[in-house]
Structure formats: structure tokens, C-alpha cells
Protein chains: 2
Amino acid sequence: MTTTLPAPEVQDAPAPAPARAATRADVARAAGVSTAVVSYVVNEGPRRVAPHTAARVRAAIAALAYSPNVAARSLRKGSSEMVGLVVPDIGNPYFAELARAVEVAASEQGLLVALASSQADGDVERELMAELSSRNVDGLLVSTVRPPEHLPPPPPGHRPTVLVNASRPYPGYAAIGADAAQGAYDVVDHLLGVHGHTSVALVIGASTERLPEPREEGFANAFAAHGLPPGPVVRTVFSRTGGYEALRRILSWRHRPGAVFLSSDEQASGAYRAVREAGLECPEDIALVAYDGTSHSEFSWPPMTVSRQPIAAMARAALATVLGSSPVGNHQEFATELVVRRSCGCP
Amino acid sequence: MTTTLPAPEVQDAPAPAPARAATRADVARAAGVSTAVVSYVVNEGPRRVAPHTAARVRAAIAALAYSPNVAARSLRKGSSEMVGLVVPDIGNPYFAELARAVEVAASEQGLLVALASSQADGDVERELMAELSSRNVDGLLVSTVRPPEHLPPPPPGHRPTVLVNASRPYPGYAAIGADAAQGAYDVVDHLLGVHGHTSVALVIGASTERLPEPREEGFANAFAAHGLPPGPVVRTVFSRTGGYEALRRILSWRHRPGAVFLSSDEQASGAYRAVREAGLECPEDIALVAYDGTSHSEFSWPPMTVSRQPIAAMARAALATVLGSSPVGNHQEFATELVVRRSCGCP
DNA sequence: TTGAAAGCGCTAACAA
DNA sequence: TTGTTAGCGCTTTCAA
């Protein structure tokens, strides 16, 4: 301990810092006004305050370093001024970028973001949603790991919820996502059409669902459009390691595909490493393209050709949707953008 | 308004769904007890309740789907069961990993994490700290962008705060960080001692401080230990682009250094790209090493030699410190680990 | 233009 | 073991 405690009973000593924060009553007293006036000044309404009075109040606020107690305001107004965000893993660059976008959009509205990771576990996700809801978040954004058939409709009393990163509709929920089928189609079509590949593998997560994943669908559609049989599909986890293992597998095949479509930036990161480790060059020996297109993909070598999700726009829309309590059961789909860089073979 | 108000005086009509959430008073009425008893049951204390009474209360809670109002509890108790985390940018892989570690540690204690990004702006950071504090977070973890001389002591009433990612003491604050000077020393010493480099450049952020940055200090010390004059220092922003620009600059020098020490993984990511783009190979043409060592560094090619921060351990310690209201003004320093991979020239 | 005061829902000290 | 009640700090209606 290098600091010394102030002597407790000495009244005339320079005032020791008060143990508690200044309240609106302290400010009112210091400014010689009522607490209502302080409120009017702080909130710039709902009543007008004479400029001179307002100045006095502001001076008192500054002098006391007063800052309103959000918990009290939240109780009084019945809103927590907070949105909840549930993602599978904040360490994944896609979700990190999503979190940043949500945070930026939220802070523009004076809202805080409560962040929770489901660890890609549906049960954890459910608990987290209930927990956040009971905290009266003004809105709940969830990137669910559960397929529609495993996501029960929101229980009564749940806060307004919107599913983000949802590439298809979820009955009973508002959902927002990129058009992943089209995104997958675009980037695979580029490989097939522009570069003349005939064999492209897909690396994607394990299928836990009845319906085909949209990226898988777009992948297959691109082949169909070119009159080709669909390429092989490798299922693995959505992680760097997953992408790494998948490529190791693919590179060991007798007939190695000319290109691979990675269904996420994170998998692509692992894939690059496996290719390099095998002493191969991208795109000369094998072309790599991906879905997501976070800033990560721009800094791999060679820079990665991707279908990019409009993360910022989707985050903004998600927030607007959940705060405006839009009709449930609809699905807002955002177009992806084909970003051609070098990993596909383009110069 | 689609709901109809209950007819006020009709006692026997089937109760229409209440327009508002049930409160503790509703539960008390339904169970025929006082609100205090409901509190005791909900919180399992601080007074004992007769089993039979408790059962009645629990039945009423279930029947009314009552869930406590967190804002009210938070106001009353001065605690929100939430910790605040302020980082410069959640999109940076280091902070994403830190956020994940904090979130994991917090959820083990039943705490939620409120996340806020300062955008590397000291004023925003200050506001965010005040905002989070006024929400009665139980603890505040801040990765400050301000040097000690620009970080005023916590104002009265501020919640317990600990600075994370702090590589030196901050007067008036508890601070936790890795021993960056030693980490920098280790990795530069490896370059100098094992690989026989004589010229190593440092890429680091702009210096806004009086004291030398610890990484810069460690960098210089390593040269001194080898009887060498310190290498050149390039100051840029802490971002991928910063690292990219810095390497472009370095590669244009007449006497190109044999190796570069990047002071963060993020800068290293940009650096790799600049090296590749120049048609150079790492480590043959120029060796690259970095500080931070997030999982990112493992998946670059070649895999990056780094001094790795023990992020999970530091996050856990930060939470323990802030919740235990440890003495201020101390500095917990964690050792980094030299992780030798390939970018330094090791096989 | 300003002030007084009634709660928002909850906890816990105090009383019974 | 249970009930009564005084606030926590704030917003806002109502009165002056």
C-alpha cells in the first residue's frame, strides 16, 4: 500500500473525495434549483429552462462530476437502454466484426451492448436468451446455432428478438441475413465460369438440419448452371482448425480438386495454412475462395476472393428492426458482394 | 391498443392477460404474503421462510410468470451482476480474444459482460467508463488508450476498476498486464542471439507518452545485451493497415533490416501482406516476429514466432481483482511466453 | 419558468 | 416467521 487513507474526522481539512457519486439532489442543491430543473437540463426537456439557470446547473454538474444513474433512469422509464447480443463465439472474426457493427449502431442510439457467447451450444444459447430477456434488454439480437425446427417460438414476455446471421426464415421470428445461397453461387460461378475450373470442393459445417444449407445450395446451383456435376463436400467444424483439417484431407485425395470454396473466413484461414504446409501455392496449385469477407480475408496472402456479407448494414437493420418491434416471421435478406482478389487466380 | 383493460370491479371474471409484467406486489397478493417474504424466497435469504409459505410463493411466481425487475434490484442494491469491458476495438483479434476470455470468466460467476469500444479515443473511453459506472456494473475492466499521466484517478462513486492490457503501473488504479518489456526482449534476443541478426526494426504505435513504451524498452535492451546499437523504430497506428504501411516503408529503405519486430499481431498481419506483395519471402528475405500471440499468429504463413500474452489467465485475474476490490495502485505483471515458430527463420 | 412530490420495483432494517 | 416501510435516483405531472 503506497496510498494513505484520509483522516476520517477532520472536518476542516480539504474535503476528502466523497465516497459516493453525486446525485441529482446534490446538483440541485449546488445550483440552487429543484431536482426537476436538473432533469430538464440533463435530458434537454421535456420543459424549457431559462438559459441562465441552465448554465448554473451545468456548472454544478461539472463541478460535482455528476453523471446520471442509469439504473434509476432505467427503472423509472421501464427500459434498460441496452441490447443483448448472443453469438456462438466472439473470437471468430466474423462475429467480432458483427459485434463491432452492432456496438457502433447501438452507441449511436445511446444503447449499451450486453455480449454473451453461446459456445455454439443450443442449450447455452437458450439460457442466455432467457437471462438477457429478464434483464429487460430493449432488444435481443441472436446469431442462433439452432436450425428453425429446433428453435421454439419466443415464450410470452420475451423481449423483442431478431435473429442475425440467419440465411433463411425462422417461423415466429424476425430474421436478418445475407443471401448466402446467392453469395455461394457467385463465387463458385466465378471459379467455374471465369477460371474454367471443373472440380471445386466445398468445405462447410456438419449438417444438423433437414434442409440443405444455403451455401451448399448455391454451391450446387452453380455447378448445375454450368452443366457440371456438383463437386465434393467436406463437412467439418467452423473454425480455423476445421478448415485446416479439411484441406489436409482434400490434398490427400488421388484426384485433387482445382479449387476449394471455404464457407467461412475462419475456415479459410486454416485452409491457407494447410496448403502452404503441403508446399503448395495458391492459386497456382489450388485456388481458394471463401464466404464472409471480413477484413481478415483482405490480409491473407494471396488476398482472398470472397463473397462479402454487408455486416454493417445488417447490424444496423437488425437494431432498427428490434427497436421498432417490426412484424415477426419476416426475413430480410441482404445481397452479398463478390470481391475478386487473387486467391481465385485473378491477376 | 389491442388489449382491453380489465373491467375494474368484476371480481369473478376470468382474469385477462395483464398488460404489464407481474411485480413482486402481484406475487405477494396472489400468495397471500408480504412483499418481503417474496423477496426472501426469490433471493433465498436473508431471512428464512417456512417451507409451506415458500411453496405458495413459488406457485404464485410460476402462475404469474413473475421475473424480478433487474433495474429495480440494481438500483436498490447498487449492483447489476454485470461487468463492463472497455476496449479500443473489438475487431482487433487481441481484444476479441480478451473479450472472449473475460466473457468466459464472467459467466462462470453468473455475471454478464457489457461491452463497449472506445475507438481508441481517450474522450470516448472516459465517457464509456462513466456510463458503465452509472449502470452499477460490479466491476469495470478497461484497456485504456491513455498513458498514466492522462488518466485521472477514478472520480468518486466510480465502480471498482482494473486496467487490463496495462504493461505498467497506473497510479490510483489496479492494473494487470503482460511483462511487455520482457516479452519484447525475448523475441528480439532470439533474433539477435539465435539467428545472428544485427539489424532489426521495430514497428510500434505513435508515442504519446513521456516514458518509453515497454516494448520499445525491451527492444532496446536486447540490443544493449548484445552490444549492438538499437535498430530503427517505425511509428504507425495499431492496425493491419498500420503494419502494412510500416513494412512498405521499411522495404523501401536502402539498407533493409534483416528482421522486423511487430508490436502487435494486427500490425503483423498487415506486415505479411506488404512483404508478399513486394515479392519477398519470409523469413528468407526478411524475418518477422511479433508481440501478442493470439491464435491468429498461428495461422499465418509461415507461422509466426511471437511473445505470447497469457490472455485467459490475465482475464481471470482481472475479474478476481475487480470483484475482490483489491488495493489500488498495484500492478500485476504476467510473464509472456516465447513461442518459436517459423517466421524468425527457425525450421 | 420553476418547484413539489408521487411513484418505478425492489431490498432489508426494524417491528411484531 | 412474517409484515411494514423507508428509501435507491430518477422522470414527470401538477401546481405555483
Side-chain angles (χ1 to χ4, degrees), chain A residues 18-58 60-61 64-81 110 134-136 138 157, chain B residues 18-58 60-61 64-81 130-131 133-138 156-159:
Chain A
R20 60 175 196 70
T23 72
R24 156 227 63 171
D26 298 324
V27 174
R29 204 172 309 117
V33 298
S34 77
T35 60
V37 171
V38 178
S39 244
Y40 301 152
V41 172
V42 169
N43 303 326
E44 299 180 338
R47 291 269 160 285
R48 281 189 50 80
V49 173
H52 185 255
T53 314
R56 261 200 352 265
V57 170
R58 268 189 278 271
I61 287 175
L64 298 175
Y66 166 74
S67 110
N69 181 312
V70 181
R73 159 183 295 170
S74 161
L75 170 60
R76 174 63 221 236
K77 308 236 295 194
S79 132
S80 61
E81 315 206 321
S134 84
R135 281 171 184 261
N136 291 320
D138 295 335
Chain B
R20 58 176 194 69
T23 72
R24 158 225 62 171
D26 298 325
V27 174
R29 204 173 309 118
V33 299
S34 79
T35 60
V37 171
V38 178
S39 245
Y40 300 153
V41 171
V42 168
N43 303 327
E44 301 181 335
R47 291 268 159 287
R48 280 189 51 80
V49 173
H52 186 255
T53 315
R56 263 202 348 267
V57 171
R58 267 189 276 273
I61 287 174
L64 297 175
Y66 166 75
S67 106
N69 181 313
V70 181
R73 160 182 294 169
S74 163
L75 172 59
R76 175 60 226 236
K77 306 234 300 188
S79 136
S80 59
E81 314 217 312
E131 154 86 14
S133 199
S134 79
R135 283 173 186 259
N136 293 328
V137 291
D138 295 334
H158 239 57
R159 312 297 301 180

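Chain A is the first sequence line, chain B the second, and so forth, proteins listed ahead of strands; every chain is numbered from 1. Just the heavy atoms: all of them, side chains too, but no hydrogens, waters or symmetry mates, feed the values below.
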Taking only side-chain nitrogens and oxygens of [X], does any of them come within less than 4.0 Å of OP1 or OP2 of [N]?
X     : N      : result
B/S34 : D/dG3  : yes
A/R24 : D/dG9  : no
A/R48 : C/dT1  : yes
B/T53 : D/dT2  : yes
A/S39 : D/dC10 : no

Measure the shortest side-chain to side-chain distance between [X] and [Y] over non-hydrogen atoms and say whether it is less than 4.5 angstrom.
X      : Y     : result
A/N136 : B/N69 : yes
B/V57  : B/V37 : yes
B/K77  : B/N43 : no

Base, sugar-phosphate or nothing for B/V42? Non-hydrogen atoms, less than 4.0 Å. nothing

Select base, sugar-phosphate, or nothing to describe what B/V49 touches, counting heavy atoms under 4.0 Å on all strands. sugar-phosphate

Could you check how far [atom1] of [X] sits from [atom2] of [N], rounded to whole Å?
X      : N      : atom1 : atom2 : answer
B/Y40  : C/dA12 : OH    : P     : 9 Å
B/N136 : C/dT11 : CG    : P     : 14 Å
B/L64  : C/dG9  : CG    : P     : 14 Å
A/R29  : C/dA4  : CZ    : P     : 13 Å
B/R135 : D/dG9  : CZ    : C1'   : 15 Å
A/R47  : D/dC14 : CZ    : P     : 10 Å

Here the gap from A/T35 atom OG1 to A/R29 atom CZ, rounded to the nearest 0.5 Å, amounts to 10.5 Å

Let me spell it out: for each of B/A54 and A/V37, pick the nucleotide of DNA chain D with the closest heavy atom. Which residue's pick is nearer the 5' end? B/A54

Ranking B/V33 and A/A36 by the position along DNA chain D of their nearest nucleotide, the one closer to 5' is B/V33

side-chain contact (heavy atoms from CB on, under 4.5 Å) involving B/R58 - partner list, sequence neighbours excluded: B/V41, B/A54

Per nearest nucleotide of DNA chain C, the residue lying toward the 5' end, A/T35 or A/A50, is A/A50

A/V70 backbone acceptor or donor facing B/R135 side chain under 3.5 Å: no

Side chain B/S79, main chain B/D138, donor-acceptor under 3.5 Å: no

Please give me the minimum heavy-atom distance between A/R56 and A/G32, naming the atom from each residue. NH2-O, 3.8 Å

Nearest heavy atoms of A/S67 and B/S134, plus distance in Å: OG-CB, 3.8 Å

So if I take residues 65-77 of chain B and measure heavy-atom distances to DNA chain D, which residues fall below 4.0 Å? B/L75, B/R76

For a stem of at least 3 consecutive Watson-Crick or G-U pairs with distances under 3.5 Å, i pairing with j, i+1 with j-1 and so on, which stems involve DNA chain D? C:1-16 with D:1-16

So, applying side-chain contact (heavy atoms from CB on, under 4.5 Å) with B/V137, which one of B/E131, B/R159, B/E81 is it? B/R159

